There are 2 protein chains.
Amino acid sequence: MPRRHGPSATAVSAGHVLRLIRTGEAATRAEIARVTRLSRPSVASRVAELMDLGLVTEGDHGPSSGGRPPGRLAFDAGGGVVLSAALGISRSQAAVCDLAGRVLARTEGSPEVAQGPDTALPWLLGTWERLLAECGRAPHEARGVGIGLPGTVRFALGRAEEPPVLPGWGGVDIAPLVAERFPVPVLLDNDVNVMALGSHTADYPDADDLVFVKVSTGVGAGIISGGALVRGTLGAAGEIGHIPVPDGGGTACRCGNTDCLEAVAGGPALLARFSGAGREAAGVQGLAAMASDGDADAVALVREAGRRVGEVLAGAVNLLNPEVIVLGGHLGTAFDPLAAGVRETVFRRATALASRQLRIVPNRSGGEAGLRGGAAMVLDHVLAPEAVNAAIAERSGEPEPEKAAGRS
Amino acid sequence: MPRRHGPSATAVSAGHVLRLIRTGEAATRAEIARVTRLSRPSVASRVAELMDLGLVTEGDHGPSSGGRPPGRLAFDAGGGVVLSAALGISRSQAAVCDLAGRVLARTEGSPEVAQGPDTALPWLLGTWERLLAECGRAPHEARGVGIGLPGTVRFALGRAEEPPVLPGWGGVDIAPLVAERFPVPVLLDNDVNVMALGSHTADYPDADDLVFVKVSTGVGAGIISGGALVRGTLGAAGEIGHIPVPDGGGTACRCGNTDCLEAVAGGPALLARFSGAGREAAGVQGLAAMASDGDADAVALVREAGRRVGEVLAGAVNLLNPEVIVLGGHLGTAFDPLAAGVRETVFRRATALASRQLRIVPNRSGGEAGLRGGAAMVLDHVLAPEAVNAAIAERSGEPEPEKAAGRS
DNA sequence: GCACTTCTGTAAAAAAATCTTCAGAAGGAT
DNA sequence: ATCCTTCTGAAGATTTTTTTACAGAAGTGC
C-alpha cells in the first residue's frame with residue numbers, strides 16, 4: 001500500500017521525535033519510522049536536526065534482528081547543561097546539571113542570600129561560572145536556569161511576592177538580571193515546589209499526583225497534580241505550615257495565628273521541647289540524626305511531629321487524592337519515625353478511597369532535591385517539543401523572529 | 001520586506017486559527033493574517049476549512065477603517081451541539097447545548113438512575129433524542145457527550161470507581177454504551193468536578209484557580225488549578241465531605257468516621273437540628289428557601305453550616321490558594337447566610353497571603369451548573385486545536401487513520 | 001462622482017517537504 | 001564464505017503548501 005504524500009494528519013515534528021527518544025518509545029531510526037509512520041528519509045532529517053542541536057547522539061549498535069543492526073539513538077544528556085540553584089536563608093546551593101537533570105557539579109554554603117539579590121546574584125552567577133569551569137563546560141553551553149527560593153514566588157512573573165521571606169527579594173525581576181549573563185530561559189519558583197518537581201522527576205516519575213512535604217525549620221508542601229505543579233493565584237499553594245491543627249494548645253506562631261502546624265511541629269518547636277526535657281541537639285539536623293540513630297526521646301518527638309503533620313496531610317489527601325507523599329526536609333532524614341507518625345494519623349483521618357493507593361515515601365534525592373528540581377523545571381521548558389522546534393527554526397531561519405505587529 | 005516561503009517557525013494550524021477566533025484575539029481574515037504572520041490566502045484556506053466543519057461563520061461586516069469593511073468572522077456556536085447530563089440519586093438532568101456551551105433544551109427528573117445504567121442509559125439516550133428533536137437538531141449534529149455523576153469517577157477510564165455512589169454504576173464502561181448511539185467522544189467525570197468546570201467556563205472564566213463547593217445533602221468540592229481540573233490518582237480529589245472538623249461533637253458519619261464535615265454541615269444534619277428545635281422544612285431545598293427568605297432559625301442554621309464548611313475550606317485555601325470559592329448546591333442558593341459563615345471562618349483561619357485575593361461568590365449557573373459543565377468538559381476536548389485539525393484531516397483524507405503497527 | 005483605501009478571492013509560480021528509488025553498509029544464517 | 005536480511009544514506013520525482021501577483025468588491029473622503 002503506497003503511503004500518500006504530504007504531512008500526515010497528525011504532524012510529527014522534530015520535537016516530537018525527541019520526545020519519543022527521550023521516553024524510550026523508539027530508540028532507532030527504523031523504529032521511529034514505524035511508530036510515526038514517517039518515511040525513513042523524513043526521520044533521518046529530523047534526527048539530523050536534533051543531532052545538530054546536540055540533543056541526540058548515536059550510541060552503540062542495537063541488537064540485530066537478522067540483518068544490519070540499527071544505530072541506537074539516545075538522548076544526549078551531555079549535549080548541554082542547565083544551571084540550577086536552591087536558595088535559602090541558612091543554606092544556598094548552586095549546581096550545573098546535564099540535560100538529564102543529573103548534577104555535574106555543585107556547591108553549598110554562602111548565606112549572603114539573605115542580604116538581597118544585589119549581593120546574592122553576583123555570587124550566584126560567579127559560582128555558576130566556577131562550577132562550569134570545574135566540569136569543563138563553557139557558559140554558552142547553558143540552555144536554561146532554574147532557581148528555587150523560599151517564600152511565595154510568582155512563577156509566571158518570575159519574581160518573589162511581597163512581602164518576601166528572603167529580605168530584599170520581593171518584587172525584584174530576577175530573570176532579566178540572570179539573563180544578562182546567561183541569555184537563556186530563567187525560571188523561578190518556590191523552593192518546596194521545586195523540590196517537589198525534583199522528587200517527581202528523579203525519584204517518583206510515575207506518580208503524577210504527588211505531595212512533597214518539607215519538614216525543617218518551617219513546614220511546607222509542593223503539590224503536583226496530574227503531573228503539573230499546583231501554584232495557586234499568588235503562588236501561595238502548598239503553604240501548609242500555617243494550617244491550624246487540632247489540640248495545638250494555643251501555641252503562638254510567628255505568623256500571628258495560633259496552633260499553626262509549623263508552630264507545633266516545626267524545628268524550633270521540637271528543639272524547645274527537647275531542651276525542655278533536659279536534652280540537647282545540634283539544631284534540627286542534629287535532632288533528626290539522633291532520631292535516626294534511635295535515641296528514644298528524639299524518636300518520640302519526631303514521631304509526634306509526624307502525627308501533627310499527618311493531621312494536616314490527611315486533609316490534603318482527602319482534598320487532592322495523591323498517589324505518594326514524599327517526606328523531605330531535615331526532619332525527613334529521620335524518615336522512619338516521621339513516617340510512622342504521619343502514617344498513623346493520615347490513614348486514620350483520611351477516607352478509605354482517598355488513601356487506598358497512597359504511599360508515604362522518603363525523599364530519595366536527599367539534599368539534592370532542590371537542585372534537581374531546578375534543573376527539571378527548566379528542562380521541562382527547554383526540552384518541550386515546541387521549544388525544540390523553535391530552536392531548530394531559529395538555527396536555520398531568521399535569527400530573531402520578531403513578534404507579530406498586531407495586538408499583543 | 002519579502003517574507004520567506006515555507007512554514008513559519010511556529011506552525012499555525014486551522015485549530016489554532018479557531019482558537020484565535022473563539023477567544024476574540026482576531027475577528028477578521030486580515031487580522032488573523034497580521035497576528036499569525038500568515039499570508040492572506042493561507043488564512044482564507046484555513047478559514048474555509050473551519051467553515052466546512054461548521055465551526056466558523058461570516059457575521060456582519062466590521063467597521064471600515066477607510067476601505068472595504070472586513071468580513072467579521074465568528075465562532076459558529078450553532079454549527080453543532082453537544083449532549084450533556086448531570087445524573088444524581090434524587091435528580092437527573094439532561095440537555096442539548098450549542099458549541100458555546102449554552103443550554104438549548106433540557107429536562108429534569110426521572111430518578112431511575114439509581115437502578116443502574118441498564119435502565120438509566122436507555123432513558124438518557126432517549127431523552128437526548130427527544131431534546132434534539134425539540135430544538136430541531138439531528139442526532140448526527142452531536143459532536144460530543146459530557147456526563148457528570150456522583151461518586152468518584154475515573155475520568156481517564158470513563159467509568160465510576162468501586163464502590164459506586166450510584167448503585168450498579170461501578171466499573172461499568174459507560175462511554176462505549178453511549179457511543180453506540182452517538183459515535184462521538186464521551187467524557188465522564190464526578191458531578192462536582194463537572195459543576196466546577198461549568199462554573200469556571202460560564203461564570204468565572206478568568207479565575208484559573210477555583211474551588212466549587214456543593215453543599216446539599218452531601219458536601220463536595222471540585223478543584224480547578226491553573227485552569228485544569230484536579231482529579232487525583234483515583235479521581236477522589238475534592239472529597240471534602242469526609243474531612244473531620246474540630247468540635248464536631250463526635251457526630252457519626254455514614255462513612256464510619258466521626259465529625260466528618262458532611263455529618264455536621266450536610267443537609268440531613270441540618271434538617272435534624274431544625275426539627276429538633278421544633279421547626280420543619282421541606283428538605284434541604286426548603287430549608288435553603290426559608291433561609292433566603294430571612295427565617296431567623298434557618299439563617300442561623302445555614303450560617304453555622306457555612307462556618308463548618310469554612311473550617312475545612314480554610315485548609316483548602318492554604319493548600320491551594322484559589323482565587324474564588326463558588327458556593328453551590330441546594331444550600332448554596334441561600335448564598336448570603338452561607339457565605340457569611342464561610343467567610344467568617346475562612347478569613348480567620350487562612351493565612352493572609354493565601355486569602356488576599358480570595359473571593360467567595362455564588363454559583364451563578366443555578367441548577368444548570370452541571371449541564372453547562374458537562375458541555376464545557378466535552379467542548380474543551382472537541383474544540384481543542386489538535387482535535388479540530390484531526391477532524392479536518394479526516395474529512396478530506398482517509399476515513400480511518402489506523403494506528404501505527406509498532407508497539408502500542 | 002471619483003479617487004483612495006482596505007479587504008477578499010483566484011490563479012500561477014515558487015518553495016518546502018515529502019515520498020520513492022537506488023545504492024551501500026553491517027551483521028546473521030546456511 | 002556467501003547469501004540474506006535489516007538498517008542507513010543520497011538523489012530524483014512528486015505532492016503539498018505557501019507565497020506572490022492580479023483582479024474584484026465595498027466602503028470612505030473630497
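All chains are named by letter (A, B, ...) in the order of the sequence lines, taking the proteins before the strands, and each is independently numbered beginning at 1. Keep in mind it's a predicted model, so treat the numbers as computed, not measured.
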**Q** In whole Å, I'd like the distance from the CG atom of L38(A) to the P atom of dT8(D).
**A**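 Checked: the CG to P distance equals 14 Å.
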**Q** Taking the nucleotide of DNA chain C with the closest heavy atom to each, which residue, P41(A) or P69(A), is nearer the 5' end?
**A**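 Checking each residue's closest nucleotide, the 5'-ward one belongs to P41(A).
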**Q** Quickly work out the E49(A) CD to dA16(C) P distance and round it to whole Å.
**A**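 Going from E49(A) (CD) to dA16(C) (P), I get 13 Å.
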**Q** Let's see if you can work this out: which of dG9(C), dT8(C), dT8(D) has an atom nearest to the side-chain heavy atoms of A30(A)?
**A**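 The listed nucleotide nearest to A30(A)'s side chain is dT8(D).
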**Q** From CD1 of I392(A) over to P of dA16(C), roughly how many Å is that when rounded to an integer?
**A**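 Going from CD1 in I392(A) over to P in dA16(C) covers 16 Å.
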**Q** What is the distance, rounded to the nearest whole Å, between atom CD of E58(A) and atom P of dG9(D)?
**A**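 Value for this atom pair: 6 Å.
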**Q** Whole-Å distance between dA11(C) C1' and R40(B) CZ?
**A**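 In whole Å, dA11(C) C1' and R40(B) CZ are 16 Å from each other.
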**Q** Whole Å only: how far is the CD atom of E31(B) from the C1' atom of dT8(C)?
**A**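 Nearest whole value for this atom pair: 15 Å.
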**Q** Identify whether any heavy atom of S42(A) sits under 4.0 Å from a base atom; if not, whether one sits that close to sugar-phosphate; answer base, sugar-phosphate or nothing.
**A**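 If one applies the 4.0 Å heavy-atom cut-off, S42(A) turns out to touch the sugar-phosphate alone, with no base involved.
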**Q** Show, in sequence, the C-alpha distance, side-chain angles and deciding distance for F155(B) and L229(B), and conclude whether the side-chain contact (heavy atoms from CB on, under 4.5 Å) test is met.
**A** CA-CA 11 Å; F155(B) 176 78; L229(B) 260 173; over 6 Å; no
**Q** In this structure, how many angstroms lie between the C1' atom of dG9(C) and the CE atom of M51(B), rounded?
**A**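 One finds 12 Å between C1' of dG9(C) and CE of M51(B), rounded.
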**Q** Any idea which heavy atoms bring L18(B) and F75(B) closest together, and the distance?
**A**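 Looking at all heavy atoms of both residues, the shortest contact is CD1-CD1, 3.9 Å.
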**Q** Can you see if the side chain of R46(A) gets near the phosphate of dT18(C) - specifically, an N or O under 4.0 Å from OP1 or OP2?
**A**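 Checking dT18(C) against R46(A), a side-chain N or O does come within under 4.0 Å of OP1 or OP2.
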**Q** Can you give each donor-acceptor pair under 3.5 Å made by side-chain atoms of residues 176-185 of chain B, sequence neighbours left out, with the distance rounded to 0.1 Å?
**A**
from: R181(B); atom 1: NH1; to: E129(B); atom 2: OE1; distance (Å): 3.2
from: R181(B); atom 1: NH1; to: E129(B); atom 2: OE2; distance (Å): 3.0

**Q** Among dT20(C), dG9(C), dC7(C), which is the nearest nucleotide to the side chain of S39(A)?
**A**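 Among the listed nucleotides, the one closest to the side chain of S39(A) is dT20(C).
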**Q** What side-chain donor-acceptor pairs closer than 3.5 Å can you find for residues 131-144 of chain B, not counting sequence neighbours?
**A**
from: R137(B); atom 1: NH1; to: G78(B); atom 2: O; distance (Å): 3.2
from: R137(B); atom 1: NH1; to: E141(B); atom 2: OE1; distance (Å): 2.7
from: R137(B); atom 1: NH2; to: G78(B); atom 2: O; distance (Å): 3.0
from: E141(B); atom 1: OE2; to: A138(B); atom 2: N; distance (Å): 3.0
from: R143(B); atom 1: NE; to: G79(B); atom 2: O; distance (Å): 3.4
from: R143(B); atom 1: NH1; to: L53(B); atom 2: O; distance (Å): 3.3
from: R143(B); atom 1: NH2; to: L53(B); atom 2: O; distance (Å): 2.6
from: R143(B); atom 1: NH2; to: G79(B); atom 2: O; distance (Å): 2.7

**Q** From CZ of R68(B) over to P of dG29(D), roughly how many Å is that when rounded to an integer?
**A**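 These atoms are roughly 18 Å apart.
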**Q** Can R106(B) and E368(B) be counted as an ion pair, charged N to O under 4.0 angstrom?
**A**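 Looking at E368(B) together with R106(B), the answer is yes, because their closest N to O distance falls below 4.0 Å.
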**Q** Just to be sure I understand the rule, does R72(A) reach a base, reach only the sugar-phosphate, or reach nothing, if contact means heavy atoms closer than 4.0 Å?
**A**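 R72(A): no heavy atom of the nucleic acid under 4.0 Å.
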